[in-house]
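Below is one structure, written out as structure tokens, with a few remarks after it.
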Amino acid sequence: MASVSTNQFKRGLKFMMDNAPCSIVENEIVKPGKGQAFNRVKIRNLITGRVVEKTFKSGESVESADVIDTEMQYLYTDGEEWHFMDPETFEQISADETAIGDEKKWLKEQDIVTVTLWDGRLISVTPPNHVILLVSQTDPGIKGDTATGATKPATLETGAVVMVPLFVNEGDPLKIDTRTGDYISRARD
Amino acid sequence: MSADWQPTAPIENLKKRARILQQIRAFFLQRDVLEVDTPTLSHAGLSEPNIESFQTTEAFYLHTSPEFPMKRLLAAGSGSIYQIAKVFRQGESGRNHNPEFTLLEWYRVGWCYRELMDEIVELITIILGTEQLNQPPERLTYCDAFTHYLSIDPLTVSSDELARCAEEQGIMMNTPEGMNREAWLDLLFAEKIQPNLGRGHITFIYDYPAEQASLARLKPDNSNLAERFELFVEGMELGNGFGELTDAKEQRQRFEHDLLVRGERNAPKPLLDENFLAALESGMPDASGVAIGIDRLVMAALGAGSIEAVIAFPMECS
């Protein structure tokens, strides 16, 4: 099994801990001038999403994780599983809610997303930074009111609820930032 | 186009850094301490188990500090000397570390380590100012620091007790079974004591356990302790000093012990510095010496959060 030394630790490095793939969130060197060196590391478990802080003796090795990020097309959900397809090989893969998590509300059929695979398993999904989604329900729009900055909730086709300006109508396509969940603009199509 | 050619430190910080170097040189000029210059490339390496030298293809080492040749100068009758040198330590990279860094090292002939601490306070106060150092320096023995912050006597505590203390303090070790007494002490000191030190003043931690003597002589009245001190500002280790060991025989024994430790760890075993040992043999005068990290001193003076803010080109973009 391939291993990684603490000397190679850096943000984003993936390795195995407690039989689960993990990602380094933060790596800090602790070294008294004449003393031994340690790495204090914040680690995210990619299966459970939990973040823990652990200290390693510098020079220790950990087992590397066979984790790959790849682009796939989101196909559909049957309510229990979410289905994705490799646009080149047309191979399909699915995952349940634990892996998809909160990101399900940004998944629009046909969109290309980044999926993280480990051991052939889909363990997380990162939607594009910006997505365009239709408004499925909101209070009727108020014409001409573009200046007050007042907002109202709108439910989008994926079930996500975002705060939008008063002039937005049902059926409008909206550009949303998936990292913050913020409304950016009305999309022209 | 990539902006990687740009310095990581703002030019403004580099100007302040240059000014601090001028202040240091003025300080020693005024006190008649001689500026010296010793080789960066050395035939001999450093045996200390926790510091790793860079080696060149032609069997030279890049020095990790100018200590040995400076002591050869002391033995040759130089009197008190100082040096500002670029030094190199493999694998030391991070917020407060760059593998190539600048050390200010000086030796006071005939002074005891307490007198040297007083001079350090004078120099650091000039550089940091009395607004930042608004309280008199704090002096704590290594033992008192452990008693005060962790209720532990570091001279007698067992490895198991240290492991428990670390756990209580919220430290989660990946492989606790790989830790020994010394490793636990290093870790607890760095993580749970050091962050409290040097807040509004300079803190000296002194009289380290004999196992951590490095190149300090043991205290004449207590051979469990060594005349070694470290200084801290803003939770950062700034320097390390000794009442210098001048006994050639004891020095060789310590080197050989270092090599044993390195052997156990399968670490490289460098050639010992026979010229340095010969200088001690011929007689080095009693002296105290200290090495201070200039980059960290500049960080403290500028309130910089990272060493990159005070170095033009850190290792990754050298």
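Computed over heavy atoms, backbone and side chain alike; hydrogens, waters and symmetry mates excluded.
No side-chain heavy atom of A/Lys54 sits under 4.5 Å from any side-chain heavy atom of B/Met173. A/Glu60 is listed as a side-chain neighbour of B/Thr175, based on a closest heavy-atom distance under 4.5 Å. The closest side-chain heavy-atom distance from A/Lys34 to B/Asn50 is not below 4.5 Å. Contact of the A/Val30 side chain with the B/Glu191 side chain is registered, since non-hydrogen atoms from C-beta on lie closer than 4.5 Å.
The environment of B/Arg265 atom CZ is dense: over 12 non-hydrogen atoms of other residues, nucleotides or ligands sit within 6.0 angstrom. No more than 12 heavy atoms of other residues, nucleotides or ligands shown are found within 6.0 angstrom of NZ on A/Lys104. More than 12 heavy-atom neighbours from other residues, nucleotides or ligands sit within 6.0 angstrom of NE2 on A/His130. By the 6.0 Å contact criterion, CD on B/Glu167 is open, its count of non-hydrogen atoms from other residues, nucleotides or ligands being 12 or less. In this structure, B/Arg262 places its CZ atom where more than 12 heavy-atom neighbours from other residues, nucleotides or ligands lie under 6.0 Å away. Other residues, nucleotides and ligands contribute over 12 non-hydrogen atoms within 6.0 Å of the CG atom of A/Asp78.
Here CD1 of A/Ile29 is found 11.0 Å from CZ of B/Arg95. Values are rounded to the nearest 0.5 Å. In this structure, CD on B/Glu52 lies 12.0 Å from OG on A/Ser58, to the nearest 0.5 angstrom. Distance check: B/Met172 CE to A/Phe56 CZ gives 9.5 Å after rounding to the nearest 0.5 Å. Rounded to the nearest 0.5 Å, atoms CG (B/Asn174) and NZ (A/Lys57) are 12.0 Å apart.
A/Val52 touches chain B through its side chain: at least one heavy atom from C-beta onward sits under 4.5 Å away, while N, CA, C and O do not. B/Glu230 touches chain A through its side chain: at least one heavy atom from C-beta onward sits under 4.5 Å away, while N, CA, C and O do not. Neither the backbone nor the side chain of B/Gln212 comes within less than 4.5 Å of any heavy atom in chain A.
The choice from B/Glu182, B/Gln194, B/Arg89, B/His97 that makes the most heavy-atom pairs within less than 4.5 Å of chain A is B/His97. The residue among B/Ile51, B/Asn240, B/Asn96 with the most heavy atom pairs within less than 4.5 Å of chain A is B/Asn240.
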Kindly indicate, with the supporting measurements, whether the criterion side chain to side chain contact (heavy atoms under 4.5 Å, CB included) is fulfilled by B/Leu187 and A/Thr55. CA-CA 9 Å; B/Leu187 180 62; A/Thr55 304; 3.9 Å; yes
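Between the A/Lys31 side chain and the B/Ser93 main chain, no donor and acceptor come within less than 3.5 Å of each other. A donor-acceptor pair is defined here as one N or O able to donate and one able to accept, closer than 3.5 Å; such a pair exists between the side chain of B/Asp186 and the backbone of A/Gln36.
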